[in-house]
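All residue numbers refer to positions in the sequence shown, counting from 1. In what follows, every heavy atom counts, from backbone to side chain, and hydrogens, waters and symmetry copies are set aside.
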Amino acid sequence: MKNLNYPLTIKFKFGVINPQFSVVDAGGLPVAFVKQKAFKLKEDISVFRGEAQTDLRFKIKADRWLDYNASYSFTDAGGKDCGRLVRKGRKSLWKAEYELYDENDKPDLVIKEANGWVKVVDHFLGEIPILGMFTGYFLNPSYNVTRPNGTQVATLHKKPDLVSRAFELEKNATFEEGEETRLVLGIMMMVLLERARG
């Protein structure tokens, strides 16, 4: 996944058992179709070229199950390592935070939630009958993607939506070699983990 036309829109399919979503570019052209296997103890995600699911491009797999500090490895269709995403457990209790590592296991990018209060308010209002149905329209988290030196390279935000879940990924800087693929795969995995919020 290189030289994509931003912003990218991620939209979940509604009314399906196993989570799945499509990714399209600014022109509405398909970038990927992501499908998570249902009823798996460890995350097992397939990334296809399109919704027909005939051309597998990447796999994302967790190294353990039910753990805040799980690591999600990325491999291409040929099994080549493309990096990994690590969820930062304790820090994620207040603000969601993830780290991306390259194929040599060196820190590459950090994904941080911009405002932790959105998570808190969403949790409490979501428990109130009727009012909880509307939190997806008014409480929309956003995430900043930065390099370890603090340079912001992208921004992800949830779009207002009452029924389905939709996110938009905007590019803020020129990507370095291999960075774009890891970023897009990391964002795909992150939205699967964070989709229930807002």
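- Between Lys80 and Glu103 there is no salt bridge, since no side-chain N of the basic residue sits under 4.0 Å from a carboxylate O of the acidic one.
- Side-chain contact between Val23 and Met188 is present, with heavy atoms from C-beta onward closer than 4.5 Å.
- For the residue pair Asn144 and Thr146, no side-chain donor N or O sits within less than 3.5 Å of a side-chain acceptor on the partner.
- Note: Asn104 CG to Asp81 CG = 8.5 Å, rounded to the nearest 0.5 Å.
- Rounded to the nearest 0.5 angstrom, Asp108 CG and Arg147 CZ are separated by 8.5 Å.
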Please step through side chain to side chain contact (heavy atoms under 4.5 Å, CB included) for the pair Val145 and Val110, ending with a clear verdict.
CA-CA 6 Å; Val145 184; Val110 177; over 6 Å; no
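- At a threshold of 4.5 Å between non-hydrogen side-chain atoms, the residues Tyr98 and Lys112 do not count as touching.
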Using the side chain to side chain contact (heavy atoms under 4.5 Å, CB included) rule, take Phe33 and Lys13 through it: C-alpha gap first, then chi angles, then the decisive distance, then the call.
CA-CA 10 Å; Phe33 183 78; Lys13 287 189 92 172; 4.0 Å; yes
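- Minimum heavy-atom separation, Val47 to Ala32: CG1-CB, 3.9 Å.
- Using a 3.5 Å distance cut-off with no hydrogens or angles, the side chains of Thr155 and Asn172 do pair a donor with an acceptor.
- With respect to Glu180 and Lys171, no salt bridge is recorded, no charged nitrogen being found less than 4.0 Å from a carboxylate O.
- Of the residues listed (Lys35, Lys59, Gln36), the one engaging Asp44 in a side chain to side chain donor-acceptor pair (under 3.5 Å) is Lys59, and it is the only one.
- In this structure, CG in Leu4 is found 11.0 Å from CG in Leu29, a value given to the nearest 0.5 Å.
- Considering every non-hydrogen atom in both Ala96 and Tyr143, the closest pair reads CB-CE2, 4.0 Å.
- Of all heavy-atom pairs between Cys82 and Asp76, the closest is SG-N, 3.7 Å.
- Pro107 and Pro148 make their closest contact through O-CG, 4.1 Å (heavy atoms, listed as atom of the first residue, atom of the second, distance).
- Considering every non-hydrogen atom in both Phe48 and Thr54, the closest pair reads CD2-N, 4.3 Å.
- Within the 4.5 Å cutoff, no side-chain heavy atoms of Ile111 are placed close to those of Leu156.
- Atoms CG and CD, on Leu109 and Gln152 in that order, are 11.5 Å from each other to the nearest 0.5 Å.
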Apply side chain to side chain contact (heavy atoms under 4.5 Å, CB included) to the pair Lys158 and Arg165, showing each step before the final yes or no.
CA-CA 8 Å; Lys158 185 186 169 295; Arg165 298 285 186 245; 3.7 Å; yes
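- In this structure, Ser46 OG and Arg57 CZ are separated by 13.5 Å, a value rounded to the nearest 0.5 Å.
- Taking OG from Ser73 and CD1 from Ile60, the interatomic distance works out to 9.0 Å, rounded to the nearest 0.5 Å.
- Ser71 and Arg84 share a side-chain donor-acceptor pair at under 3.5 Å.
- Under a hydrophobic-cluster definition in which Ile, Leu, Val, Met, Phe, Trp and Tyr are linked whenever side-chain heavy atoms come within less than 4.5 Å, directly or via other members, Val153 and Ile187 are assigned to the same cluster.
- Between Tyr6 and Phe175, the ring-plane angle classifies as tilted under the 30° and 60° cut-offs.
- Proximity of Leu100 to Phe74: side-chain heavy atoms (C-beta onward) are separated by under 4.5 Å at one or more points.
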Quick one, Arg87 with Glu99, criterion salt bridge (charged side-chain N to carboxylate O under 4.0 Å, His left out). Give me CA distance, side-chain angles, the key distance, then yes/no.
CA-CA 7 Å; Arg87 184 179 198 174; Glu99 291 178 351; over 6 Å; no
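- By the 4.5 Å heavy-atom criterion applied to side chains, Leu192 and Ile45 are counted as neighbours.
- At a threshold of 4.5 Å between non-hydrogen side-chain atoms, the residues Tyr72 and Lys61 do not count as touching.
- Val191 and Val86 fall into different hydrophobic clusters, where Ile, Leu, Val, Met, Phe, Trp and Tyr are joined by side-chain heavy atoms under 4.5 Å apart, directly or via other members.
- In the model, Gln20 has a side-chain atom that pairs as donor or acceptor with a side-chain atom of Asn18 under 3.5 Å.
- Within the 4.5 Å cutoff, no side-chain heavy atoms of Phe21 are placed close to those of Phe167.
- There is a path of hydrophobic side-chain contacts, each under 4.5 Å, that joins Phe12 to Met189.
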If you apply the rule side chain to side chain contact (heavy atoms under 4.5 Å, CB included), what do you find for Thr181 with Phe58, and how did you get there?
CA-CA 10 Å; Thr181 298; Phe58 298 94; 3.8 Å; yes
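- In summary, Lys2 and Glu179 do not engage in a salt bridge, as defined by a charged side-chain N under 4.0 Å from a carboxylate O.
- The minimum heavy-atom distance linking Glu170 with Pro7 is given by the pair CG-CB, 4.0 Å.
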